[in-house]
Student: 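Take a look at the following structure, please.
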Amino acid sequence: MASPSSKAFLSLGRIYIPLLGFNKSSGKVTYATALSINSSSGNKGLPDRGGRGSLGRRPRRDAGEPRTEKMPVDQDWTAVYPAAAPFRPSSVPLPVRMGYPVKGGIPPEKKGNLELIKIPNFLHLTPAAIKKHCEALKPFCTEWPSALDTDAKCDEHFPIKVESTDYVSAGPSLRNLSARIVHLRNYDYAMYLLTVLYHESWKTEAWEAEKTVADMEEYSWEDSPSQKNVLDLLLRMKVAGEGDGEEVRQQLLGRREVQEYKDSVTRLKNEGESESGMVQYKEAVKKVFNL
Amino acid sequence: MASLMSLRRELFSLARILSGVSHLVRFLLFFLMQITVTEEPDMLFQKVVILVKGHDRAVLDSYEFFATMAAKELGITIGKVFEPPKAIERLTLLKSIHIFKKHRVQYEMRTHYRCIELYNITGCTAQVYLEYIQRNLPEGVAMEVTKTAMEKIPDHILEPLWKEIPTDDKPSQ
């Protein structure tokens with residue numbers, strides 16, 4: 001690389017120059033960027049007739065003063081950068097510096113800075129520009145129906161949820177490998193499956209009528225030994241004189257404490273034993289028997 | 001529930017609008033823009049998740065500002081906007097082409113992520129917003145969009161087929 005060696009030479013040069021009274025050191029001299037070397041050599045003076053004729057055939061025009069000098073403060077920036085464009089240092093009136101500084105120096109200036117050109121800039125997407133774009137896009141948008149404000153309402157009217165994923169990427173290949181990861185192959189097949197499952201669920205076989213209590217997936221409290229025991233205990237406790245009638249049992253069943261007891265027992269049996277389940281059972285038992 | 005009076009619009013001159021908004025808008029609006037309204041019901045998206053991936057965190061910061069501002073201007077409800085942890089892929093290679101096994105060089109590739117979740121957005125708005133966002137996606141940034149669409153139960157599932165045809169008896173297997 002030419003730059004470390006040229007830096008060495010130039011720094012040697014700079015050591016002697018201050019003795020002659022030339023104190024100012026410009027940034028251009030000590031840091032090599034893409035364009036600074038060319039601009040310092042310059043072809044304006046003597047076109048090279050001998051060897052490289054094509055380079056010096058026409059005298060180069062002056063660049064003139066940059067556009068930033070003529071920009072008013074309240075200009076329309078969306079006219080300067082209407083679309084995505086690389087960074088133009090003469091069009092951006094900001095004193096931007098970017099790059100790794102030399103030892104004891106500062107990051108290099110924007111003129112001829114490759115780092116600023118390489119990085120994507122958002123100069124075409126200032127808040128003013130975004131507002132303008134959205135104003136133009138508003139007529140194409142529709143409003144969300146105001147009746148579907150909660151999730152519960154959405155689930156009630158639109159229970160089926162279809163998830164799809166799209167990918168945007170750039171690379172040497174057209175394909176995006178993550179697009180190959182699917183859950184279910186296609187939408188039509190999913191609807192077909194749903195239809196089939198729905199119809200199958202309606203069919204009952206003859207042997208399903210022979211289901212016993214031991215086959216049940218979930219514990220149900222009605223007509224279980226627990227219900228019988230509780231009702232018997234309550235009848236014996238309370239009202240010895242009322243007798244053992246169906247209406248008394250029904251009335252006892254309707255009471256709130258008995259319902260709570262039913263909930264706690266069902267929870268313990270279905271969900272297994274847990275700290276909160278046992279606490280709930282204890283409270284229910286205490287309420288039922290007024291302990 | 002009241003039927004959805006949803007509309008489908010054609011994005012006829014969207015590209016033109018995006019490229020030259022500032023001084024060409026008036027001409028476009030009068031002469032070229034045709035919004036066709038159809039009675040086809042609009043799709044409803046309960047959730048749209050946009051995940052952007054890039055190598056530079058500052059670029060993703062700017063892009064997130066742009067995307068959230070665009071969503072606010074178009075009236076889209078923004079859910080969470082967060083940054084999943086970056087993924088670093090490192091490889092260790094030999095420094096020299098021949099021998100010198102003890103001297104290696106290590107490279108790494110950092111992928112930064114940014115996730116934007118939008119809730120309750122209609123199909124038309126989603127199409128407009130996503131196209132706008134994707135056209136202004138910077139170089140070197142990739143995007144994944146996951147949409148959760150909501151649908152009604154199709155008509156053929158509301159009642160089992162054989163109930164409409166009482167004469168046919170479907171044999172159980």
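Each chain gets a letter, A, B and so on, in the order its sequence line appears, and its residues count up from 1. Values reported hereafter were calculated over all heavy atoms of this structure, with side chains retained and with hydrogens, waters and symmetry mates removed.
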Student: Under 3.5 Å, is there a donor-acceptor pair between the A:W77 and A:Y81 side chains?
Tutor: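 Judged by distance alone, the side chains do not pair up.
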Student: Using a cut-off of under 4.5 Å on heavy-atom pairs, state which of A:V162, A:I119, A:N176 scores highest against chain B.
Tutor: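 If we count pairs closer than 4.5 Å to chain B, A:V162 comes out on top.
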Student: Judged by atom type as modelled, is there a donor-acceptor pair below 3.5 Å linking the side chain of A:N121 to the main-chain atoms of A:A85?
Tutor: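 Checking the backbone N and O of A:A85 against the side chain of A:N121, a donor-acceptor pair under 3.5 Å is found.
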Student: Is it the case that the side chains of B:E117 and B:Y119 hold a donor-acceptor pair, with the cut-off being a distance below 3.5 Å and no angle test?
Tutor: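 Side chains of B:Y119 and B:E117: pair found under 3.5 Å.
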Student: Quick one: does A:R97's side chain have a donor or acceptor within less than 3.5 Å of a partner on A:P107's backbone?
Tutor: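 Yes: the side chain of A:R97 pairs with the backbone of A:P107.
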Student: Without hydrogens or angle criteria, can the side chains of B:D42 and A:T142 be said to hold a donor-acceptor pair below 3.5 Å?
Tutor: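 Yes, side-chain donor-acceptor contact under 3.5 Å.
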Student: Can you measure from OG (A:S90) to CE (A:M71) and round to the nearest 0.5 angstrom?
Tutor: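 Taking OG in A:S90 and CE in A:M71, the distance rounds to 8.0 Å.
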Student: Using non-hydrogen atoms only, which part of B:E144 is less than 4.5 Å away from chain A: side chain, backbone, both, or neither?
Tutor: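 The answer is both parts of B:E144.
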Student: Using a strict 4.0 Å threshold on nitrogen-to-oxygen distance, state whether B:K47 and A:E163 make a salt bridge.
Tutor: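 No, this pair does not count.
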Student: When heavy-atom pairs shorter than 4.5 Å are enumerated against chain B, which of A:A179, A:P127, A:S169, A:G171 gives the highest number?
Tutor: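 That would be A:P127.
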Student: Given heavy-atom pairs under 4.5 angstrom as the criterion, report whether the side chain, backbone, both or neither of A:E143 touches chain B.
Tutor: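 For A:E143, backbone heavy atoms alone lie under 4.5 Å from chain B.
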Student: Please tell me if the side chains of A:Y189 and A:L193 come closer than 4.5 Å, counting only heavy atoms from C-beta onward.
Tutor: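 Counting from C-beta outward, A:Y189 and A:L193 do come under 4.5 Å.
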Student: Do A:P89 and A:F87 have side chains that approach each other closer than 4.5 Å (heavy atoms only, starting at C-beta)?
Tutor: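 A side-chain contact exists here, since the closest heavy-atom pair is under 4.5 Å.
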Student: Taking the basic N atoms (NZ, or NE/NH1/NH2) and the acidic carboxylate oxygens, is any pair closer than 4.0 Å for B:E131 and B:R135?
Tutor: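 Salt bridge: yes.
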Student: With only heavy atoms counted, which part of A:F122 is less than 4.5 Å from chain B, the side chain, the backbone, both or neither?
Tutor: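 When you check distances to chain B, only side chain atoms of A:F122 fall under 4.5 Å.
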Student: Can you name the residues of residues 54-75 of chain B that have some heavy atom under 4.5 Å away from a heavy atom in chain A?
Tutor: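 From residues 54-75 of chain B, the residues near chain A are B:D56, B:V59, B:S62, B:Y63, B:F65, B:F66, B:M69, B:A70, B:E73, B:L74, B:G75.
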Student: If I measure from the heavy atoms of chain A, does B:I121 come under 4.5 Å with its side chain, its backbone, both, or neither?
Tutor: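 Contact with chain A is through the backbone of B:I121 alone.
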Student: Against chain B, label A:L125 side chain, backbone, both or neither, depending on which of its atoms sit under 4.5 Å from a heavy atom there.
Tutor: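 Only the side chain of A:L125 comes within 4.5 Å of chain B.
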Student: What I want to find out is whether A:E200 reaches A:K203 closely enough, with some N-O distance under 4.0 Å, to be called a salt bridge.
Tutor: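 Here A:E200 pairs with A:K203 in a salt bridge, since their nearest N and O are under 4.0 Å apart.
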Student: Got A:M98 and A:E109 here, is their nearest side-chain heavy-atom distance under 4.5 Å?
Tutor: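 SC-SC contact between A:M98 and A:E109 ruled out.
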Student: Looking at A:K118 and A:E115, is any side-chain nitrogen of the basic one under 4.0 Å from a carboxylate oxygen of the acidic one?
Tutor: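 A salt bridge links A:E115 with A:K118.
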Student: Shorter than 4.5 Å, heavy atoms on both sides: which option in B:T148, B:T77, B:V141 has the most such pairs with chain A?
Tutor: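 Of the options given, most contacts go to B:T148.
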Student: Can you pull out the residues in residues 85-111 of chain B with any heavy atom less than 4.5 Å from chain A?
Tutor: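 From residues 85-111 of chain B, none sit under 4.5 Å of chain A.
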